[in-house]
Amino acid sequence: MAEQGVRVRFAPSPTGALHIGGARTAYFNWLFARKNGGTFVLRIDDTDTSRSTEASYRQIIDSFRWLGITWDEGPEIGGDYGPYRQSKRLSLYREELHRLLEEDRVYPCFCTQEQLAADREQAQKEGRTPRYSGRCRHLTRAQQEHEMAVGKTPVYRLRAPSSGVTIVKDWIRGDVAFDNEEIDDFVVWKAEGMPTYHFASCVDDYKMGITHIIRADEHLSNTPRHIAMFQALGASIPYFIHIPMILAPDRSKLSKRHGATSVDEYRTAGILPEALINYLLLLGFSPGEEREVVSVEQAIELFDLRRVTKHAAVYDVKKLEWLNSHYMHAANPDRLLELVWDSWLERQWITADISREQLAWLRRLVAVIQERSHNLLDLQDDVGYYFVAPEHYDVKGVRKHFTSPDTAERLRTVANILQDVAPFTALAIERAIRRFIAQQEIKGGELIHPTRLSLSGLTVGPGLFDMMALLGRSECQRRLLAAADWMGQRGELQI
RNA sequence: GGCCCCAUGGUCAAGUGGUUAAGACACCGCCCUUUCACGGCGGUAACGGGGGUUCGAGUCCCCCUGGGGUCACCA
């Protein structure tokens, strides 16, 4: 299904963070472009001056970079069809407006907001669809000039077709027919002197030579409007591909009350970009071949609009988390170390001027920990005991593993035994400790659990012998003796 | 409410007239095991309802129901 000269776009408005729904739409556009050797355009839709912010713009750009979705044309990098921020394209829109005005495809409307609201209310009461009444549709030139003269600022409306049907040829939905009576003369130019979304978007798609519009389902009902707009502009009609929406678990539109909804929030929550983008691919698309884990490279290979589902998908964080743990296990330790580096610095677990040996040790540490991490935060937060001796012991663990009267003495013996373990590797340590366990005629756990608690203060963690090898001989000995002392003091206090 | 879209387990989904209706996540067992994870094995669980068409419908048609979207000087 190779398409010639494919140009697609994603046009977020910087009124908030990049939403995962938007990210998925962008990803599908991007995949389609990559698959077909086309061009992916990023355009910033900031015509809503009151809600657009520079901070949101930055955040969106950052989110895309983090996800690895790059654009061939757009802000920061430019392109032949720029500028790529609508707020910088105002003269273009004004030009098109004047052209349409001359061609009488657009007309000024002087109705007040109050009038329109009253019309709407009236229609609602009578059970009719609220549509623009057409009050200003047939004003004479003289009437228009009079309104202007008395200081009224008009909005401009498109003369939309009022009879017949508009067929939207959608690649996923098939042919969808809309009665033109349903479309009214919608506003293309606001009184504040800014284009509306419908107008700016169509002008841009036209001027930027967009061939395929891949967007969320919610725009399907807007499409006849856009077709009317394209026709008025004298533009060719692009292909439409409306992809299903992403819903919250209660099947309502995904919103803040459902938890994290932005790419940025997942980033801070310790989700890896490859996990998020993999998960996004699986919403509304099936790669086939029973595949779930799909890299970006494979996704480009496998992507096919014909395999996009028609129905909305409910967002399931559990599956995202599963993918994330998969990628945590698979990740290169060096990269993970880099990702947690700043956080570890901040906690003073490490210092910036680190030796070669220390760096190698950190890599080993990450490699051991990442196996059981589901999340970057697990790796980031739960490893303090490798850097600092435990200040207290898990309460439940103490109750369970520090109660036997022989334990303190055994821990001291272990500390002693470690003295002769060489090399100080997990294998050698295990051999020595197993021997001691056998001599004592106790079960492995009776020694292993208290040892773990002594060394980490916790009852959970990596294999004990790996942990010990990582901590090193003297640190293990120090902590074992400290634990034994702590038990002794505690015992005395209780007497 | 008008218009439009959609409908396979709890969730993501395969399926394009004939299948024991895949697979994944989640859940539940069992195994592995020094803990927590990982991993391995197994299990529970679905074609929303009703009419047609057909020798035969998850697959085609109609109705109903349910869910979603949209009807702004927001995008």
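Every chain is numbered from 1, with letters handed out A, B, ... down the list of sequences.
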Could you work out the separation of B:C3 and B:C12 based on their P atoms and round it to a whole Å?
-> 28 Å
Stepwise, does the side-chain hydrogen bond (donor to acceptor under 3.5 Å, both in side chains) test hold for A:R257 with A:S252?
-> CA-CA 11 Å; A:R257 73 193 161 90; A:S252 68; 3.2 Å; yes
A:R306 has an atom CZ; how far is it from atom C1' of B:A14, in whole Å?
-> 16 Å
Inspect the contact between A:D304 and A:R306 and indicate whether a charged nitrogen and a carboxylate oxygen are less than 4.0 angstrom apart.
-> yes
Span that lies between the C1' atom of B:G69 and that of B:A14, in whole angstrom = 26 Å
Whole angstrom value for the distance that separates C1' of B:A13 from CG of A:L302 | 15 Å
Between A:R173 and A:D217, does at least one N-O distance fall below 4.0 Å, as a salt bridge requires?
-> yes
Pairing partner of B:G23, by Watson-Crick or G-U wobble and under 3.5 Å for both distances, is B:C12
note: A:E321, atom CD; B:C12, atom P; distance rounded to Å ~ 17 Å
In whole angstroms, the gap separating P of B:C5 from CZ of A:R215 amounts to 16 Å
Could you check A:R137, A:R157, A:R131, A:R135 and say which one makes a salt bridge (charged side-chain N to carboxylate O under 4.0 Å, His left out) with A:D185?
-> A:R137
Pairing of A:K400 and A:D394 as salt bridge, 4.0 angstrom limit = no
In residues 363-370 of chain A, which ones come under 4.0 Å of RNA chain B, going by heavy atoms?
-> none
Atom CD of A:E290 and atom P of B:A22 are separated, to the nearest Å, by 11 Å
Position toward the 5' end of RNA chain B (nearest nucleotide), A:Y315 or A:V176 | A:V176
For nucleotides B:G66 and B:G40, find the distance between their P atoms and express it as a whole number of Å.
-> 44 Å
Who pairs with B:C47 - Watson-Crick or G-U, where each distance is under 3.5 Å | none
Under 4.0 Å between a Lys/Arg side-chain N and an Asp/Glu carboxylate O for A:E301 and A:R291?
-> no
When rounded to whole Å, the CD1 to P distance for the pair A:I241 and B:C5 reads 17 Å
Establish, for the pair A:R307 and A:F303, whether the NZ or CZ atom is under 6.0 angstrom from the six-membered ring centre and no further than 45 degrees off its axis.
-> no
Letter per nucleotide, 5' to 3', of nucleotides 69-75 of chain B [B base touched, S only sugar-phosphate touched, - untouched; heavy atoms, 4.0 Å] = BSSSBBB
In whole angstroms, the gap separating P of B:G9 from NE2 of A:H311 amounts to 9 Å
Which residue lies toward the 5' end of RNA chain B, A:D179 or A:A313, if each is placed at its nearest nucleotide?
-> A:D179
Pick the P atom in B:A57 and in B:C31, then give their distance to the nearest Å.
-> 46 Å
Taking atom P in both B:C64 and B:U70, what distance in whole Å separates the two?
-> 24 Å
Pairing partner of B:C71, by Watson-Crick or G-U wobble and under 3.5 Å for both distances, is B:G1
By ring pair (Phe, Tyr, Trp, His ring centres under 6.0 Å), which residues pair with A:Y206, not counting sequence neighbours?
-> none
For A:Y197, all residues meeting ring pair (Phe, Tyr, Trp, His ring centres under 6.0 Å), sequence neighbours excluded = A:H219, A:H226
What interatomic distance, in whole Å, is found between C1' of B:A72 and the corresponding atom of B:G67?
-> 25 Å
Mate of B:C41 across any strand shown (Watson-Crick or G-U wobble, both atom pairs under 3.5 Å) is B:G29
Could you check how far CG of A:L282 sits from P of B:G23, rounded to whole Å?
-> 16 Å
Is NZ or CZ of A:R85 both nearer than 6.0 Å to the six-membered ring centre of A:Y57 and within 45° of the ring axis?
-> yes
Determine the interatomic distance between C1' on B:G15 and the same-named atom on B:G23; round to the nearest Å.
-> 12 Å
Take atom P in B:C25 and the same atom in B:G68, then report the distance between them in whole Å.
-> 29 Å
Under 4.0 Å between any heavy atoms, over every strand shown, what does A:A216 touch: base, sugar-phosphate, or nothing? Just pick one.
-> nothing
With a 4.5 Å heavy-atom cut-off, do A:E371 and A:P462 have their side chains touching?
-> no
A:D316 bridged to A:K319 by N-O distance under 4.0 Å = no
Readout for nucleotides 25-35 of chain B: B = base within 4.0 Å of protein heavy atom, S = sugar-phosphate only, - = neither; 5' to 3' it is BS-------BB
Set of residues satisfying salt bridge (Lys or Arg N to Asp or Glu O under 4.0 Å) with respect to A:R435, sequence neighbours excluded = none
For B:G66, give its Watson-Crick or G-U wobble partner with both distances under 3.5 Å, or none.
-> B:C6
